[in-house]
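For reference, the structure discussed in these notes is given below.
Chain A is the first sequence line, chain B the second, and so forth, proteins listed ahead of strands; every chain is numbered from 1.
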Amino acid sequence: MEFTFNGNLIIIPTDVIAGWLSALIGLPIVLYWITKKHYWSTIWDYATSTNHRKVGTLYILFSVLFFFRAGVDALLMRTQLITPENQFWVFQGEKYNELFTTHGTMMIFFVATPILIGLMNVAVPLQIGANDLAFPYLNLVGFYLFLTGGTIFFLAFFFNAAPNMGWTAYAPLSTDSFTVGPNNNFYIFGLQVSGLGTIFAAINMMTTIIRLRAPGLKLTRMPLFPWATLVTSFLILIAFPVLAIALLLLQFDRLYGATFFLGELGHPVYWQHLFWIFGHPEVYIIALPAFGIFSDIISNFSRKNVFGYTAMVASIALIGLLGLMVWAHHMFTVGLGPFSDTFFAVASMLIAVPTGIKVFNWLFTMRRGVISMKAPMLFALGFIPTFVMGGVTGVMLSSAAADMQFHDSYFVVAHFHYVIVGSTILASFAGIYYWYPIMIGKKLDDKLGKWHFWLFLIGFHMTFFLQHLAGLNGMPRRVYDYTYEDGIWTYNFISSIGAYLMGFSMLIFLWNVFKTHRNHKQAENDPWDGRTLEWSIPSPPPEHPFEKMPIINKRDMFWWSKINHEPIPTTENHRASPISKPTVQPMFLSAGLFILSFGFIYGWVWMQLLGGVMALSTFIIRAFYDERKSAYEKEEMENE
Amino acid sequence: MSSKTISQDLFGDKRIGFFIYLFVEVVMFSTLFATYIIYTPPQTGPHPGELFEWKTTILASIFLLSSSGTLLLSEKGLNNRNMKLVRAGIGLTFLLGAAFMYFEIEEFRKFIMEGHVISTNNFLSSYYVLVGLHASHVTFGLGWMIILFIQGRVLPFNLFKEKHKIFNYYWHFVDVIWVIILLVVYIPYLL
Amino acid sequence: MKKWFIFLLVPFLSGCSLRTLNPISETGADQAFLINLSFGLMMFVVAVVCVLFILFTVKYRETEKNKTDIPKHEEGNRTLEIIWTTLPILLLIGLAIPTIIYTFQVSNTDASSEEALHVNVVGEQWRWTFQYENGKETHDKLVLPVDQEVVFHLNSTDVIHSFWVPRLVGKRDAIPGKENKLKVTPNEVGTYQGKCAEYCGILHADMRFVMEVVPEKEFEEWLAKEQ
Ligand code: HEA
Ligand code: HEA
Ligand code: CUA
Ligand SMILES: [Cu+2]
C-alpha cells in the first residue's frame, strides 16, 4: 500500500498492515478477556514474583508464544516454496529473506534457548532439593532481559524493518554498506539484551548446582538433567560473551563507521570465526539439556535407573568440551586450508562417539524395563530415531570435502532441523507434559498429547526428510524460488504439506492447554510414580518446599524410599535458603533497556540517554532496596 | 538457630556467582584482545607507536594500580569494623580511580583532536573498543563507590560488608585487566 | 500439462539422478564417493539403532501382565559399553581417512599443469563475471573445454558469494579481499546449472549462471570470437 504523507511517499507492504490489523484487533480482545476473567492479579503476581517455578513458567509461556510466531514464519516460507516460480503474497526477494532470518533467529534465541532455561528453572532446584535458585532476583532479571530482547526483535516486523541478513549475519552483508536502515540493528540489540539474560541464567544455574544441593546429594548422585544443566551453563559462559563482543564489533561497524568486517582492511571471515565460536557451542547448549530431560524421562517411564550413569555424565562433559573445538566445520568452503579443514572435520566426527554412548545407554535403559507409553515418554521415544538420523547426517557434513557439496544446501537445512527439532523441541514438549503438574498443578490430557505427538512427528518427517534429497539435487538454502527444471518440486510440495501438519498438531497442543485449564481437576501428588526429588513434594509445590532438607544417600532416593517404605530422612539445619521477594525493579530495568535499544536502533541520542539513565538507576535502587536487608537486620539483632 | 549463618551462606553463594560473572568478563576481554592483536599493527593509517606516549600511560597506570592498594586498606577496616578506615579507603580509591579516568579521557581527547577517530583504521577501532570498554568499567566502578559510601551508613553491617567485598573483587579484576592492556596494547609499541 | 508431468516424474528419477551424485569431474566423483561412503556407514548405524529400538520398545512395553513389576536395578555393562565406544571409532576412522585424503586433494590448487586454463570468477550483487586469460569477459555464462584442467580464481567485489555447479564439483566461497582457488577438470560435454550458494542479499536466489562444457575446438573458436 502506498500513500503520501507530508509530501513523502510512504509504502507499507500489505503483510505489515495485516500484522498491525491483527494486533489491533487481537490485543483488545485479549485484554478484555483478562479483565473479565479477573486474571490481572494473577498476572501481576507472576510478573513480579522471583520464585523459580513462576519465573520458569513465564520463560516457557513466552518461548511457546515466540514458537508460534517463528512457526508462522516457517509456514509462510513453506507456502512460498510450495511450487516452482510461485508468487505467494509479498514473500519474494526481500520479504522472504526477512522470513528466514526472523524464523531462524527467533527459533534459536527466543524459543530453543529460553524454553530450556524455563524447564531448568522449574525442575532443577527441586531435583536437587533446593528451595529456590541461588539468586532469585537475578533470575527475574534474566527473564525480563530475554523478554525484552525477544520483544525488540519481534517488533521489527511491525515497523516494516525485520532483519534480513540470515541468522548467521555474515559480514560484510551485515554491515551498513550492504544492508542499510534499522533492520539489522534490531537483530544486534535484540540478541545483545537477551544474551545478557542468558548469561545471568547460566550463572544462576551454576551457582545453584554448586552450592544449594541437599545434604548428601553428591554430584555423583545427581539426576542427569541437573548435570546437563551444569555443563550447558559452562558452555553458555564461554559462548555468549563471545557473541556479545561480536555483536558489539558489528555495532561499531554499523553505527560508528568502524571496519572490522568490511572493506580492504577488515576481515569478513573474522566475523564467521566469532559467530561460530559462539554458534557451534550454542547448538549443544540447546541439545544437552534436551539429553538430560530425556534421560530422566526414559528412566522414569521405564521404571528403571539410568543405564551406565557414569558414562552418561562423562559423555555430557565430553560433548561439551569437544563442542568448543569444532566451530570451523561451518566454514569448510571458506578456504581455510586443508590442515584446518581436516582438523575440524576429525574433531567433529569425534563427537559422534560420546553421543553414541548416550544413545545406546538410553536404549539399554529401556531394556528389561516396563515402558509405559504416556505422552512424555512418546516424545522421548520419537526423539531417539529422529535425533540419530540428524546426528548421522551431521557426521556426513563433517566430512570436509563432501561438505563442499552439502554446504548451504537444503541438506544442511534438513540436518539441523532433524537434530534441533528432534532433540530440543521434542524435549521441550516432553518436559512440558512431564512437569506440568509442577508448574501449574494440573496434568495435561494424555490422549490429546498422543495426537499432538503423532501428528507432529509425522508432519516433521514429511517436512524435512525429502529436503535431504532436494539438497543433494542442488537446491541452495535461503532461496525464495526455484525452477521446474531443478527437479525439486515434489520434495518441496510434500515438505510444505508436512509443515502444515505440524502447524495443525500445534493447534491440538493449544487446545490441550486450554482444556486442561478449564477443567478444575488438580493433579495428584507424584503423578508419574517418579524417581527424583521433585516428585516427593505436593503439586504445585509451595514456595519453599524443602523447609526440612532431605538427606540423600543414593541415586533416585525418592524411588527407593517408596520401594522400601521408608521416608527420606530430613534435617532442619542445613543452610540458609535464598530470599525471594516480589519486585518490580527488573521490569523497570528492562523498560530502560528497551528504550536504550530503540535509541540505538534508530540513532536517537536523547533516547539512548533516557534509556541509559533508567537502566543505570536500577542499580542504585537495587543497592538500597536489597531483598536480603531485613533478614540481615534480624540476624544482626539476634547476634547483639 | 540457623539465622546465624544466613549471611555466611548467602555471601558464599554470591561470591561464587560473582566469580563466575568475572569469568564471563574474562572471555569478553579475551575476545577483544584477540581482535586487537589481529588488527594491529595496521596496514595503513597511524601506527600505535606514533600515538602512544610513555607519560600518560605510566601516570594512568600508577594511579589505577595504587587504587587497588588503597582499597585493601578499606578492606582492612572492614575486618575490624573500623568504618572510618573503610570510608577513607573508599574515598582514596575513588580519587585515584578518577585521576586514572582523567588521563584516559585526555588520551582519547588528544587522539580525537588529532583526527585519529574510530573509523580511521582497524587498529584504532579495536583500540577504542577495548580500552573504552575498560574505561567504562572504571567509570562504573567510580559510580559504585559513591553508592558504597552511602550504603555504609544505611545497610546492616553484614550486608554492607558483602557489598564491599564484591566491589573489591570487581575493582581488583579491573586492575588486572589494565595490566594486561598495558602488556598487550601499550608496551609492545612503546618499546 | 508439461509442468505437472515434471512433478510426477521427479520421485521416479530422484534416486539415480541427483545432481551432486552424478558428477562430471574426477574431483566431483571423489566427493560423491565420500557422500556415498558416509551414507553407507551411517545407514549401518541407523539400522543398528532402529533394530534395538524396535526390539526394546516392543518387547518391554507395559502390558496388563507386567504392570506392577519392578524391574531389576542395573548399573551398566562394561562389555557392552566398550563395544559401543570402539565400534563407532572404527567406523569413523573408515570415514576420516578418505576425508583427509580428498580434502588435501581439493585444496591442492597450486600444482596445476602448464596448459591449465585460468578463469577469473568475480561474484558481485547479483551476477557472475567470468574473465578468460585473453581478456574475454562473459556474464552469467561460463564456457569450458572438455577434458582440460581449469583453475578458477574466485573473487568478490562486494559481499560473500559462493561458486557452485552441483554437477561439476562442490562449492567454494568468493570472498572480497581474499582470492580462493578451485581446480577441476570437467569431462563430459553438456549444459549445467550454476548457482550462488552463499546468501548475498535480495536477489541471491536469482544469482544463477549456466555452465557449458564444449569440445576443445569449439571452445577455441568461442574464445576467439568477439571480445
Ligand atoms: C541441536 C543442534 C545440533 C546438533 C546436536 C548438531 C550435531 C552435529 N552437527 Fe550440526 N548443525 C546445527 C545444529 C546441530 N548440529 C545447525 C543449526 C547447523 C547449521 C547452522 C547454519 O548454517 O545455519 C549445523 C550445521 C552443521 C555443519 C555445517 C554444515 C554446513 O553448513 O556446511 C556440520 C559440519 O560438520 C555439522 C556437524 C554436526 C555433527 C558432526 C554433529 C554431531 O554432534 C552429531 C552426533 C550424533 C550422532 C552421530 C548420532 C548418534 C550416534 C551414534 C548412534 C553412534 C554411532 C555413530 C557413528 C559411528 C557415526 N552440523
Ligand atoms: C529451534 C530451531 C528451529 C525450529 C524449531 C524450526 C522449525 C521449522 N523450520 Fe526452521 N530454521 C531454523 C531453526 C528452526 N526451525 C534455522 C536456524 C534456520 C536457518 C535460518 C537462516 O537461514 O538464517 C531455519 C530455516 C528453515 C528453512 C530454510 C529457509 C531457507 O533457507 O530458505 C525452512 C524451510 O522449509 C524451515 C522450515 C521450518 C519448519 C516448517 C519448522 C516447523 O517445525 C515449525 C512448526 C511450528 C509451527 C508450524 C507453528 C505452529 C503455528 C500455528 C499452529 C499457528 C497456526 C496459525 C495459522 C495458520 C494462522 N526452517
Ligand atoms: Cu551471490 Cu548468493
Ligand atoms: Cu556446528
Side-chain angles (χ1 to χ4, degrees), chain A residues 134-135 138 199-200 202-204 206-208 210-212 233-234 236-242 244-246 248-249 252-253 256-260 263-267 270 273-274 277 572-579 616 619-620 623-624 626 628-639, chain B residues 1-10 12-21 23-32 34-35 38-39 42-45 117-126 128-130 133 140 143-144 146-148 150-151 154-163:
Chain A
F135 311 115
L138 188 71
I199 291 176
F200 289 165
I203 294 176
N204 217 338
M206 207 168 200
T207 316
T208 307
I210 295 175
R211 298 262 315 169
L212 268 70
S233 307
F234 175 70
I236 289 177
L237 294 174
I238 296 200
F240 273 78
V242 176
I245 294 302
L248 185 72
L249 298 180
F252 270 78
D253 269 11
Y256 306 120
T259 54
F260 290 110
E264 298 280 289
L265 304 171
H267 304 312
Y270 185 47
H273 281 293
L274 288 179
I277 288 174
E572 290 271 335
N573 232 332
H574 176 50
R575 54 153 291 155
S577 296
I579 294 163
L616 283 176
F619 285 92
I620 303 177
F624 299 106
D626 195 302
R628 288 162 309 155
K629 201 169 154 188
S630 52
Y632 278 53
E633 261 160 9
K634 198 163 139 250
E635 181 190 73
E636 202 119 304
M637 306 260 271
E638 279 164 14
N639 276 355
Chain B
M1 193 38 220
S2 68
S3 69
K4 232 177 212 163
T5 57
I6 282 188
S7 56
Q8 279 165 22
D9 281 340
L10 296 189
D13 296 346
K14 202 162 178 183
R15 182 165 51 193
I16 295 233
F18 197 74
F19 283 164
I20 299 175
Y21 172 72
F23 173 77
V24 170
E25 294 261 5
V26 168
V27 178
M28 289 197 196
F29 275 105
S30 316
T31 315
L32 282 177
T35 309
I38 287 175
Y39 289 112
Q43 284 150 305
T44 62
V117 291
I118 285 185
S119 55
T120 305
N121 65 15
N122 282 325
F123 144 65
L124 276 160
S125 315
S126 36
Y128 278 117
V129 178
L130 171 56
L133 190 69
F140 189 84
W144 193 343
I146 298 176
I147 291 177
L148 210 54
I150 309 172
Q151 277 177 331
V154 297
L155 290 187
F157 181 74
N158 270 338
L159 190 56
F160 172 68
K161 186 169 167 184
E162 174 177 322
K163 304 233 174 219

Worksheet item: Where on B:K163 is there a heavy atom nearer than 4.5 Å to chain A: the side chain, the backbone, both, or neither?
Response: side chain
Discussion item. Is there a side-chain contact between B:I147 and A:F624 in this structure, where contact means two heavy atoms from C-beta onward sitting under 4.5 Å apart?
Written reply: yes
Worksheet entry | Structural part of A:F252 lying under 4.5 Å from a heavy atom of chain B | side chain
Practice prompt. Search all heavy atoms of B:L159 against all heavy atoms of A:K629 and return the closest pair with its distance.
Written response: CD2-CA, 3.8 Å
Item to complete: Please report the closest heavy-atom contact between B:S119 and A:Y256, naming both atoms and the distance.
Response: CB-O, 4.2 Å
Worksheet item: Of the backbone (N, CA, C, O) and the side chain (C-beta and beyond), which part of B:F157 lies under 4.5 Å from a heavy atom of chain A, both, or neither?
Response: both
Discussion item. Determine whether B:R15 and B:E162 satisfy the following criterion, side chain to side chain contact (heavy atoms under 4.5 Å, CB included), listing intermediate values before the conclusion.
Written reply: CA-CA 9 Å; B:R15 182 165 51 193; B:E162 174 177 322; over 6 Å; no
Response to the item:
So, the part of B:Y39 with a heavy atom under 4.5 Å from chain A: the answer is side chain
Worksheet item: Hey, which of B:F29, B:F140, B:F18, B:F19 has the most heavy atom pairs under 4.5 Å with chain A?
Response: B:F140
Discussion item. Which heavy atom of A:I245 sits nearest to which heavy atom of B:M28, and what is that distance?
Written reply: CG1-O, 3.6 Å
Fill in: Region of A:L274 that comes under 4.5 Å of a non-hydrogen atom in chain B
side chain
Worksheet, complete the sentence: Note: vs chain A, highest number of non-hydrogen pairs under 4.5 angstrom among B:D13, B:V27, B:I118 is B:D13
Worksheet item: Minimum heavy-atom separation for A:I199 to A:I236, with atom names?
Response: CA-CG2, 4.2 Å
Worksheet, complete the sentence: Whatever's closer than 4.5 Å to a heavy atom in chain A on B:S30 counts as neither
Worksheet entry | Under 4.5 Å from any heavy atom of chain B - which part of A:L265 | both
Item to complete: Kindly give the heavy-atom pair with the smallest separation between A:A623 and B:L155, and that separation in Å.
Response: O-CD1, 4.0 Å
Practice prompt. Answer with side chain, backbone, both or neither: which region of A:T208 has an atom nearer than 4.5 Å to a non-hydrogen atom of chain B?
Written response: neither
Response to the item:
In terms of heavy-atom pairs under 4.5 Å with chain A, the winner among B:T35, B:V26, B:I146 is B:T35
Discussion item. Ignoring hydrogens, what is the shortest heavy-atom contact between B:I6 and A:Y632? Give both atom names and the distance.
Written reply: CG2-CE1, 4.1 Å
Discussion item. Heavy-atom cut-off 4.5 Å, strictly under: side chain, backbone, both or neither for B:E25 against chain A?
Written reply: neither
Practice prompt. Mind ranking A:L249, A:N204, A:I579, A:I277 by heavy-atom pairs under 4.5 Å with chain B and telling me who comes out on top?
Written response: A:L249
Discussion item. Out of A:A202, A:A246, A:G257, return the one with the most heavy atom pairs under 4.5 angstrom to chain B.
Written reply: A:G257
Worksheet item: Quick one: does B:L10's side chain get under 4.5 Å of A:R575's, heavy atoms only?
Response: yes
Worksheet item: Just by distance, with hydrogens left out, do A:D253 and A:T259 show a side-chain donor and acceptor under 3.5 Å apart?
Response: no
Discussion item. Is B:L124 in contact with chain A via its backbone, its side chain, both, or neither, using a 4.5 Å heavy-atom distance?
Written reply: neither
